[in-house]
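Start at 1 with the first residue, then count along the sequence. All figures in this text were calculated on a predicted structure; none of them were measured in a lab.
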Amino acid sequence: MTLLDALFGSSAMDEVFSDEARLQRMLDFEAALAKAEAACGVIPATAAQTIASKCKGNLVDAVALANATALALNPAIPLVKQLTALVAKDDAEAARFVHWGATSQDVNDTGLVLQIRQAFDLLEADLESLRDSLIQLAQKYRSTPIAGHTLMQHALPTTFGVKVAGWLDAMNRHRERLAQTRKRVLVLQFGGAVGTLAALKGKGLPVAQALATELQLELPVAPWHAQHDRVAEVAVTLGLCVGTLGKIARDISLHMQTEIAEVFEPTGEGRGGSSTMPQKRNPVTAGVVLSAATRVPGLVSTMLSAMVQEDERGLGNWHAEWETLPQIFRLTGGALHQMATIVPRLKIDAERMRRNLDATHGLIYAEGVAMALGNHMGKSAAHTLVESASRQARESGKHLREVLAQTKTVTEHLTSADLDQLFAPENYLGAAKEFADRVIAASRSEK
C-alpha cells in the first residue's frame with residue numbers, strides 16, 4: 001500500500017486490479033480452457049485435471065514472471081512457460097496440452113474481462129448505496145427553498161430537493177449505462193493466433209462455447225482481437241460517471257463555502273482540518289472526487305486512442321490499455337465509494353438556505369415581479385421597468401420590494417399584498433417539487 005492509496009482509491013477495487021488478481025484471472029482462463037477442450041474431446045480429461053490443478057497464483061514465481069514480461073512484451077508468454085513447467089513436473093504428457101490452440105491475447109483480454117466483472121459488482125453496490133441516499137435527501141428537502149445559481153450568481157429560487165434530484169437523475173442514467181456496458185463487455189475473447197481458431201481443426205466453435213460457459217461469459221459472434229470498442233466503452237462509461245460525481249462534489253464544495261454555509265461534509269477526528277488554522281472545516285471528499293474528475297478524462301482519452309490497432313494484433317496501443325483501464329477503475333471506484341459514504345451524512349442548514357435567499361435584497365425575485373407586471377403591460381416593458389428598479393436597488397442599497405413599492409407604474413398594477421406574495425420564495429418555485437417527485441418515483445421504480 002502506498003501513501004496515497006487510501007486517499008484516491010478503495011481497497012476493494014485495488015484488490016480486483018492487483019498483480020495477484022491479474023495473474024489469477026489469466027490462470028482461470030487457462031484452467032477453463034483445458035476443461036472446455038477436454039469436454040469437447042480435444043485433449044485428454046486427465047491432462048485437463050492436471051493443468052487445472054496448477055492454475056493457482058501462489059505456484060507462480062511472480063518476480064521471474066515480471067522480469068520475463070519485460071522481454072516478452074506481455075505476461076501471458078512467460079506465464080504459459082511457467083505453467084507448462086509446473087504441469088510437466090507431475091505429468092509430462094499433460095504439459096503438451098497447456099494453452100492448446102490459444103494465443104496470448106486470449107489470455108490477457110479474457111483475464112481483463114473477468115476483472116471487469118468483479119469491478120462492476122463493486123461499482124454497482126456503491127452506486128445503489130449512493131442512489132438510496134440521494135432518494136432520501138431529495139425527498140426530505142423537496143420543498144426546502146434555496147437560491148438557484150447561474151454563472152455563479154444568484155438567479156431564482158429553487159429547492160434543495162430538486163437540486164439533489166438532478167444529481168440522482170444523472171446517477172440513474174449511469175446505472176443504466178453500467179448495465180448496458182456490462183452486457184456488451186462481459187464476453188469471451190478466444191480466437192487463437194489471428195482469430196480463426198485454426199489450430200483446433202474444426203472444433204474451435206464448440207470449444208469456444210464450452211469455454212464461455214465455463215467462465216460464465218457470453219460468447220461473441222466473432223473474436224475481437226483488435227476491435228477494442230468494448231473496453232473503450234467501459235472507460236467512457238466510467239468517465240461519464242466520474243464527471244457526474246465531480247459535479248456533485250463541486251456543488252457540495254460551493255455550498256460549503258464560508259459565505260454560503262448551507263451544506264457540510266461530515267466532521268470527525270483528523271478530517272478536513274488544517275495544519276495551521278484550527279477553525280478550518282475543509283471539503284475533503286469533494287477534493288478527492290474532483291481530483292478523480294480531473295484525472296479520468298485524460299485516461300479515457302488514452303483508451304479511445306488505443307482503439308486504433310493494427311490488423312489482428314495491436315502494437316503498443318493494445319499494451320497502453322493494461323495500466324490505463326485499471327487506473328480508471330481505481331479512481332472511479334474511490335470517488336464513488338467516497339461519495340456513497342458521505343452523502344447520507346451531509347449536514348444541511350435549511351435555515352441558512354432561507355436567509356441566503358435575501359442576500360441580494362430581493363433581487364432574486366425580479367423575474368417573478370417582471371412576469372406579474374407583464375400580464376398588465378407586456379413582457380418587454382415590464383422587463384425594462386424591473387431591470388431599472390433592480391439597478392436602483394443595487395446602487396442605493398435598498399431592498400427591491402421597497403424600490404418597487406415607491407414606483408408609480410408598479411403600484412398602478414400591483415398591490416402591497418401582491419408584492420408580498422411575489423417576494424415569498426415558495427410562491428415562485430414552479431414545478432420544482434413535482435420534478436423532484438418524478439425523479440424520486442422513477443428511481444424507486446428501478447429498484
Side-chain angles (χ1 to χ4, degrees), residues 9-10 12-13 15-17 21 25 28 109-138 164-189 212-213 215-222 224 227-248 289 292-293 296-297 299-300 303-304 307 321 324-341 343-344 438-447:
S10 74
M13 192 65 77
E15 185 176 338
V16 170
F17 288 100
R25 298 295 83 78
D28 290 345
D109 284 352
T110 300
L112 174 63
V113 169
L114 296 175
Q115 289 177 288
I116 289 173
R117 180 167 62 191
Q118 287 183 284
F120 271 17
D121 289 342
L122 294 177
L123 292 178
E124 288 169 357
D126 277 333
L127 181 55
E128 286 307 299
S129 176
L130 176 57
R131 289 177 67 248
D132 286 343
S133 297
L134 290 174
I135 289 171
Q136 295 176 30
L137 203 61
V164 175
W167 304 342
L168 173 60
D169 196 30
M171 296 314 299
N172 288 340
R173 291 191 292 276
H174 295 312
R175 179 178 184 265
E176 183 179 351
R177 289 188 186 100
L178 277 173
Q180 294 169 345
T181 301
R182 173 188 277 269
K183 182 178 180 180
R184 280 190 285 270
V185 77
L186 296 187
V187 299
L188 178 71
Q189 163 50 40
T213 300
L215 293 171
Q216 298 182 35
L217 296 173
E218 292 297 318
L219 179 66
V221 294
W224 44 279
Q227 305 294 336
H228 275 217
D229 56 290
R230 287 182 173 92
V231 289
E233 180 183 347
V234 172
V236 171
T237 298
L238 298 187
L240 290 169
C241 183
V242 171
T244 292
L245 293 173
K247 189 292 191 272
I248 298 172
V289 174
V296 167
L299 296 170
V300 172
M303 291 296 297
L304 292 173
M307 288 179 65
E321 299 172 350
T324 304
L325 190 60
Q327 288 177 38
I328 294 173
F329 267 108
R330 180 172 177 272
L331 291 168
T332 304
L336 183 55
H337 185 72
Q338 291 254 21
M339 192 61 71
T341 300
V343 164
R438 283 160 59 93
V439 173
I440 292 167
S443 302
R444 287 175 170 159
S445 70
E446 293 174 7
K447 287 189 168 298

At what distance, to the nearest 0.5 angstrom, does [atom1] of [X] lie from [atom2] of [Y]?
{"X": "L304", "Y": "T324", "atom1": "CG", "atom2": "OG1", "value": "11.0 Å"}
{"X": "L127", "Y": "T332", "atom1": "CG", "atom2": "OG1", "value": "11.5 Å"}
{"X": "H337", "Y": "L122", "atom1": "NE2", "atom2": "CG", "value": "10.0 Å"}
{"X": "S443", "Y": "D132", "atom1": "OG", "atom2": "CG", "value": "9.5 Å"}

Looking only at heavy atoms, which two atoms of [X] and [Y] are closest? And how far apart?
{"X": "A235", "Y": "V300", "answer": "O-CG2, 3.3 Å"}
{"X": "L215", "Y": "D28", "answer": "CD2-O, 3.9 Å"}
{"X": "M13", "Y": "F329", "answer": "CG-O, 3.6 Å"}
{"X": "V289", "Y": "A335", "answer": "CG2-O, 3.7 Å"}

### Message
According to side-chain hydrogen bond (donor to acceptor under 3.5 Å, both in side chains), who are the partners of T237, at least two apart in sequence or on a separate chain?
### Response
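Applying side-chain hydrogen bond (donor to acceptor under 3.5 Å, both in side chains) to T237 gives T181.
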### Query
Can you name the residues that form a side-chain hydrogen bond (donor to acceptor under 3.5 Å, both in side chains) with R177, not counting sequence neighbours?
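Checked R177 against side-chain hydrogen bond (donor to acceptor under 3.5 Å, both in side chains); matches are H174.
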Of all residues at least two apart in sequence or in a different chain, which pass the side-chain contact (heavy atoms from CB on, under 4.5 Å) check with [X]?
{"X": "R184", "value": "Q180, E233"}
{"X": "R182", "value": "R117, F120, D121, E124, L186"}
{"X": "L112", "value": "F17, Q115, I116, V231, L325"}
{"X": "T213", "value": "Q209"}

### Message
For a salt bridge (charged side-chain N to carboxylate O under 4.0 Å, His left out) check, start with the C-alpha distance between R173 and E176, then their side-chain angles and the critical distance, and finish with the verdict.
### Response
CA-CA 5 Å; R173 291 191 292 276; E176 183 179 351; over 6 Å; no
### Message
Please check: side-chain N/O of S129 versus main-chain N/O of A125, any donor-acceptor pairing under 3.5 Å?
### Response
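Such a contact is absent between S129 side chain and A125 backbone.
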### Query
Between the main-chain N or O of L188 and the side-chain N or O of W224, is there a donor-acceptor pair closer than 3.5 Å?
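The answer is yes, because a donor-acceptor pair under 3.5 Å joins these two groups.
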### Heavy-atom check, side chain of L178 versus side chain of L238, under 4.5 Å
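The answer is yes, as the side chains (C-beta and beyond) meet within the 4.5 Å cut-off.
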#### Entry: Option among L134, I135, V164, L168 that satisfies the side chain to side chain contact (heavy atoms under 4.5 Å, CB included) test with V439
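Exactly one option meets the side chain to side chain contact (heavy atoms under 4.5 Å, CB included) with V439, and it is L168.
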### Check against salt bridge (charged side-chain N to carboxylate O under 4.0 Å, His left out), E218 and K183
CA-CA 8 Å; E218 292 297 318; K183 182 178 180 180; over 6 Å; no
